**Student:** 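Before I ask anything, let me first share the structure, which is written out below as structure tokens.
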Amino acid sequence: MHLQAALTILAATCHLATAGPAGAEIKVDKSLRLIKTSPEDAGTWMTQDQIDELAVASSRTSFIDITDIEDEGVLSVLSTPGESPSSIAARQVRYPTSLSHTDEADRLIAGVSNANPQAWLTALTNFNNRHYRSSTGTEASNWVFNTATTLASANPSITVRRVAHSAFNQPSVIVRIPGQTSSLVIIGAHLDSTAGSATARSPGADDNGTGTVNALEALRVLASARFAPKNTLEFHFYAGEEGGLLGSADVFRQYRSQGASVLAFLNTDMSGYSPGGKVVVYQDNVDAGLTSYVTLIAQQHTGTINTSRCGYGCSDHASARSNGFPSAFVSSEPFASSNPNIHTSRDAYSTINWASVLRHSKLNVGFLVEASYL
Ligand SMILES: *[C@@H]1O[C@H](CO)[C@@H](O)[C@H](O)[C@H]1NC(C)=O
Ligand SMILES: *[C@@H]1O[C@H](CO)[C@@H](O)[C@H](O)[C@H]1NC(C)=O
Ligand SMILES: [Zn+2]
């Protein structure tokens with residue numbers, strides 16, 4: 001379906017170029033992107049302005065940019081309502097039904113605090129925006145790269161790299177703590193923000209600055225302890241999530257084509273708004289076994305949890321899942337009562353619930369320690 005649409009556009013472009021009046025070159029908007037808003041939606045070609053409008057209008061129902069997704073298996077998962085990505089040979093991982101490394105996790109969790117996350121979120125929200133097509137969005141990505149590099153310097157075996165994206169300038173950032181196996185346990189968050197255009201003020205404190213600082217804090221604690229995992233641990237900071245999960249789609253396409261072995265991917269987004277006061281483990285578009293395992297870990301290290309569902313393409317776990325990798329998603333509030341400020345200039349530092357952010361930093365460390373032994 002996607003391929004067909006692309007060919008149609010190509011044909012139209014050629015037609016216009018040859019049939020236009022002599023001397024009057026017809027400008028074809030090369031930035032048209034194919035945007036899919038539901039499993040049933042075959043996709044609509046949109047301009048960047050239309051996509052920006054959609055991002056603001058759709059703070060509650062999300063969309064996926066499938067322009068560059070060519071793998072029929074991945075497209076099929078994105079077009080199949082329901083739970084099982086049957087067209088992709090998803091790796092079957094058997095997750096434990098009890099936890100066996102809680103003491104070690106607790107010792108590391110004791111080092112988790114809000115001191116650095118507060119300073120980092122101040123820096124992140126001080127960019128006018130972190131829009132994936134703005135220069136400050138690229139600067140924000142550089143800031144994440146530099147901050148992660150400084151944290152990683154506590155352990156010389158850790159590597160930090162950028163992943164460039166062909167469609168826009170903001171790179172994603174990937175940090176790796178090598179283990180004894182090359183199998184991967186990954187936590188992720190998106191580093192961009194939006195309030196519409198590439199110039200609109202968008203502090204993006206909770207969406208998703210908090211997810212970013214949760215991942216940085218887990219990195220700080222594990223790096224400074226020189227934690228030496230059995231499985232390889234990665235920390236992903238995705239660009240262009242607000243443009244339709246662009247950064248994570250590129251990263252997981254690469255991992256799929258390289259045959260990467262991903263044991264578990266945990267996406268954290270929006271951890272700083274929590275009237276309900278609980279970690280929320282999302283239940284749709286995720287791996288059921290991994291979600292049960294994450295639930296155990298969250299209960300162990302943060303107390304009672306709640307559950308919710310967020311619908312189509314609501315964050316980067318959709319990219320991991322559609323590429324056949326087991327994914328789970330946590331946030332700090334059920335979908336129906338989630339943060340009303342996101343995608344506006346009101347998503348400000350001053351609104352952040354730091355007790356909730358701390359719960360999610362603890363969950364990240366607990367998850368990475370437990371899953372490092374899978
Ligand atoms: C972060 O961004 C996504 C996309 O806007 C949004 O739906 C989500 O609620 C925020 N956290 C997440 C989920 O990514
Ligand atoms: C879970 O979330 C729902 C929906 O917001 C809410 O009504 C319910 O009270 C919450 N349950 C717990 C245990 O917090
Ligand atoms: Zn968002």
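Not measured: the values here are computed from a predicted model. Every number for a ligand or one of its atoms is a count from 1 in the order of the listing.
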**Student:** Does one side chain, of T44 or K36, offer a donor that lies under 3.5 Å from an acceptor on the other?
**Tutor:**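 Checked: T44/K36 side chains show no N/O donor-acceptor pair below 3.5 Å.
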**Student:** When you check ligand 2 against the protein, what N or O pairs turn up below 3.5 Å? List the atom names and distances, or just say none.
**Tutor:**
residue	atom	partner	partner atom	Å
ligand 2	2 (O)	N306	ND2	2.3
ligand 2	11 (N)	N306	ND2	2.9
ligand 2	14 (O)	K278	NZ	3.3
ligand 2	14 (O)	N306	ND2	3.3

**Student:** Do D52 and R133 sit within salt-bridge range, that is, some charged N less than 4.0 Å from a carboxylate O?
**Tutor:**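 Between R133 and D52 there is a salt bridge, with a charged N closer than 4.0 Å to a carboxylate O.
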**Student:** Any side-chain heavy-atom pair from L246 and H165 closer than 4.5 angstrom?
**Tutor:**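 No, side chains not in contact.
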**Student:** Applying side chain to side chain donor-acceptor pair (under 3.5 Å), which residue pairs with at least one partner in residues 113-128 are found, sequence neighbours left out?
**Tutor:**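 As it turns out, there is no side chain to side chain donor-acceptor pair (under 3.5 Å) pair with a partner in residues 113-128 once direct neighbours are skipped.
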**Student:** Can you give me every donor-acceptor pair (side chain of residues 138-148, partner residue at least two apart or in another chain, under 3.5 Å) with its distance?
**Tutor:**
residue	atom	partner	partner atom	Å
S141	OG	P171	O	2.8
N142	OD1	R162	NH2	3.2
N146	ND2	N142	O	3.3
T147	OG1	W143	O	2.8

**Student:** For F235, enumerate each residue passing the ring pair (Phe, Tyr, Trp, His ring centres under 6.0 Å) test, keeping only those at least two apart in sequence or located in another chain.
**Tutor:**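 Partners of F235 under the ring pair (Phe, Tyr, Trp, His ring centres under 6.0 Å) test: none.
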